[in-house]
Amino acid sequence: MSVLDKIIAFIPNLISALLLLLLAWIIAVVLKNIIVKGLKAVGFDKWLQKKELSSPDEAKKESEGIITTLGKLAYFLVFILFLPPVFDALNMQSVSVPIKEMMLQCLISSRNCLLLRS
């Protein structure tokens with residue numbers, strides 16, 4: 001098999017990985033916008049003031065920063081969740097398997113923490 005044949009055989013894998021990244025980006029942007037607009041709509045800044053977590057003088061700026069941070073956190077979490085399928089599409093199991101195992105351990109740990117609280 002020549003180098004050109006290997007490159008041509010890899011193109012479908014590359015296209016599927018790019019499509020997965022595009023899907024991840026779309027979902028991440030939509031989720032980020034939902035979180036940011038939703039928290040603004042429910043009056044998150046007023047809730048922070050009521051709980052005395054922000055000062056009345058700078059409550060708007062502080063809550064905007066917190067809301068933006070939560071939106072970015074969701075944005076990057078979506079990309080992290082899409083990493084294993086992207087690496088699998090590129091036949092990079094040596095990279096995707098440790099990420100899958102790490103994600104599984106995080107889910108197990110978070111489940112255990114939730115069960116301990118109840």
For Val3, what are the other residues in its hydrophobic cluster, where any two members join if their side-chain heavy atoms are less than 4.5 angstrom apart?
-> Ile7

Residues joined to Leu104 in its hydrophobic cluster, side chain to side chain under 4.5 Å directly or through other members, sorted by chain and number, are Ile108

Under 3.5 Å: donor-acceptor pair, side chain of Thr68, backbone of Gly65 | no

Side chain to side chain contact (heavy atoms under 4.5 Å, CB included) filter on Leu81, not counting sequence neighbours, yields Leu77, Met103

Is Leu18 close to Leu22 at the side-chain level, that is, under 4.5 Å between some pair of heavy atoms?
-> no

Using residues 93-101 as the side-chain source, report each donor-acceptor pair under 3.5 Å to any protein atom, sequence neighbours left out, with the distance given to one decimal.
from, atom 1, to, atom 2, distance (Å)
Ser96, OG, Asp88, OD1, 2.6
Lys100, NZ, Asp88, OD2, 2.8

Smallest separation among heavy atoms of Leu20 and Pro85, with atom names = CD1-O, 3.6 Å

Kindly give the cluster partners of Leu19, where membership spreads through any ILVMFWY side chain lying under 4.5 Å from a current member.
-> Ile11, Ile15

Distance from Leu31 atom CG to Ile26 atom CD1, nearest 0.5 Å?
-> 13.5 Å

Can you find a heavy atom in the side chain of Phe10 that is under 4.5 Å from one in the side chain of Leu90?
-> yes

What's the spacing between Met102 CE and Ile80 CD1 if we round to 0.5 Å?
-> 7.0 Å

What about Ile66 and Leu73, same hydrophobic cluster or not, with Ile/Leu/Val/Met/Phe/Trp/Tyr joined at side-chain heavy-atom distances under 4.5 Å?
-> no

Of the non-hydrogen atoms in Ile35 and Ala74, which two are nearest, and what is the gap between them?
-> CD1-CB, 3.3 Å

Would you list the pairs meeting ring pair (Phe, Tyr, Trp, His ring centres under 6.0 Å) in which at least one residue belongs to residues 67-103, sequence neighbours left out?
-> Tyr75-Phe79

Hey, what do you get for CG (Asn91) to CG (Asn13), rounding to the nearest 0.5 Å?
-> 5.0 Å

